[in-house]
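Input: a single structure, listed below in structure tokens.
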Amino acid sequence: MDFAYWKQQIETAKSNLKSYFRDVETCEKAYHNTDLNYNVFYSNVEILKANLCIANPKPDIQRRFLKRLEKDKLKSNTYADVAKVLNGAVEFVSDVSCLDEEISDAVKNAVVCGRGILWLDYEPTISVNELGEEYISDREIRIESLMPQEFLYSSAEKEKNIWWVARRHLLSREDIKRRFGYNPSEAELKFKQEDETQLKRGEVWEIWDKNSKKRAFILVSKKYIKICKIIG
């Protein structure tokens with residue numbers, strides 16, 4: 001994966017969505033407008049949210065090809081137990097991961113901005129045993145709602161033809177150094193929060209490439225700097 005190439009891809013995607021991001025900002029301001037005596041847009045959004053987010057989705061994991069499995073009762077019972085365990089595990093993760101809050105945010109963004117994005121993140125913890133062999137000692141699955149400005153993708157007429165997607169992380173200098181072993185300069189931390197007391201952040205894009213099945217991270221500043229290895 002060539003770094004200069006991905007620099008151009010990110011810049012092109014931002015340029016293609018520039019007018020959409022302006023519309024998003026306008027819609028967000030209208031939604032949060034407190035100067036009006038009665039904000040009809042806000043009221044309509046809240047009504048739609050209430051109807052679209054009635055309850056958390058419930059998993060329904062079942063066996064397939066039941067007629068074929070009837071010939072082998074032992075295998076059929078084993079698959080039924082596996083489906084039950086998986087169903088319970090997914091339901092438990094849904095309950096403890098604040099999924100309802102993230103889905104509510106995504107629905108609100110979909111109604112207000114025309115796009116609701118949920119990002120599923122799988123983060124394993126790699127450890128080394130006494131023989132020096134690596135193994136997964138722990139794993140975490142996170143679901144996060146993204147604002148439209150935090151998500152980019154390749155240009156395509158159909159969704160199935162999108163071959164890369166990227167999400168934005170706003171990281172402090174300490175976070176960047178801890179995660180990637182790179183210590184950025186003050187000039188490279190260009191993203192500034194509205195609150196003056198907050199530290200400036202680095203705009204890091206996490207890119208997933210469908211063609212090569214790899215991901216990379218790049219730090220956005222006045223220039224682009226490659227800050228981590230590509231993970232296969």
Would one find more than 12 heavy atoms of other residues, nucleotides or ligands at under 6.0 Å from atom CZ of F21?
yes
Value rounded to 0.5 Å, distance of CG in L17 from CG in D23:
11.0 Å
Any donor and acceptor pair, going by atom type alone, linking the side chain of N183 with main-chain N or O of K177 inside 3.5 Å?
no
Sequence neighbours excluded, the answer for side-chain hydrogen bond (donor to acceptor under 3.5 Å, both in side chains) partners of R142 is D121, E140
Taking atom CD1 of I176 and atom OH of Y182, what is their separation to the nearest 0.5 Å?
8.0 Å
Nearest non-hydrogen partners of S104 and K49, listed with the distance
OG-CE, 3.6 Å
In terms of heavy-atom contacts, W208 and R215 come closest through CZ2-CD, 3.4 Å
Angle between ring planes, Y31 versus Y42, binned at 30° and 60°: parallel, tilted or perpendicular?
tilted
Where the side chain of D209 meets the backbone of K213, is there a donor-acceptor pair that is under 3.5 Å apart?
no
K14 with E203: basic N within carboxylate O range, under 4.0 Å:
yes
Is there a donor-acceptor contact under 3.5 Å linking the side chains of T78 and D81?
no
So, using side-chain hydrogen bond (donor to acceptor under 3.5 Å, both in side chains) as the criterion, who are the partners of Q9 when residues are at least two apart?
Y5, W164
Nearest 0.5 Å please: distance from the CG atom of N87 over to the CD atom of Q62.
8.5 Å
Do V112 and L146 share a hydrophobic cluster, counting only Ile, Leu, Val, Met, Phe, Trp and Tyr and linking them when any side-chain heavy atoms are less than 4.5 Å apart?
no
Are any side-chain N or O atoms of N51 and backbone N or O atoms of I47, one a donor and one an acceptor, separated by less than 3.5 Å?
yes
Provide the closest heavy-atom pair for Y20 versus P148 in the form atom of the first, atom of the second, distance.
OH-CB, 3.7 Å
Could you state whether Y153 and I218 fall into the same hydrophobic cluster, counting links through intermediate Ile, Leu, Val, Met, Phe, Trp or Tyr residues with side-chain heavy atoms under 4.5 angstrom apart?
yes
For R167, the side-chain hydrogen bond (donor to acceptor under 3.5 Å, both in side chains) test, sequence neighbours excluded, returns E144
Checking S154 side chain against W163 main chain: does a donor-acceptor pair fall under 3.5 Å?
yes
Are any side-chain N or O atoms of E102 and backbone N or O atoms of S145, one a donor and one an acceptor, separated by less than 3.5 Å?
yes
To the nearest 0.5 angstrom, please state how far the CD1 atom of I143 sits from the CG atom of L99.
4.5 Å
Has N109 got a side-chain atom pairing as donor or acceptor with I117's backbone, closer than 3.5 angstrom?
no
Ignoring hydrogens, what is the shortest heavy-atom contact between L36 and N33? Give both atom names and the distance.
CG-ND2, 3.7 Å
Give a yes or no answer on whether the side chain of S137 reaches the backbone of I126 with a donor-acceptor pair at less than 3.5 Å.
no
Does R139 come within less than 4.0 Å of E123, counting only side-chain N to carboxylate O?
no
Side chain to side chain contact (heavy atoms under 4.5 Å, CB included) for F217 and R179? Distances and angles first, verdict last.
CA-CA 11 Å; F217 295 80; R179 291 186 61 177; 3.9 Å; yes
Taking side-chain hydrogen bond (donor to acceptor under 3.5 Å, both in side chains) as the test, write out the residues that go with N211, two or more places apart.
none
Name all residues meeting the side chain to side chain contact (heavy atoms under 4.5 Å, CB included) criterion together with V40; count only those two or more places apart in sequence or in a different chain, and write none if there are none.
Y38, N44
Are L120 and F151 linked, directly or through intermediate hydrophobic residues, by side-chain heavy-atom contacts shorter than 4.5 Å (ILVMFWY only)?
no
With rounding to the nearest 0.5 angstrom, report the CZ to CG distance, R201 to L189.
9.5 Å
With rounding to the nearest 0.5 angstrom, report the CG to CE distance, D105 to M147.
9.0 Å
If the condition is side chain to side chain contact (heavy atoms under 4.5 Å, CB included), which residues does Q8 pass it with, not counting sequence neighbours?
E11, T12
Step by step, would you call S19 with R22 a side chain to side chain contact (heavy atoms under 4.5 Å, CB included)?
CA-CA 5 Å; S19 61; R22 283 200 301 265; 3.7 Å; yes
Would you find a donor on one side and an acceptor on the other, under 3.5 Å apart, between the side chain of R63 and the backbone of S76?
yes
Check this for me, if you would: do R178 and E174 make a salt bridge, where the nitrogen-to-carboxylate-oxygen distance has to be below 4.0 angstrom?
no
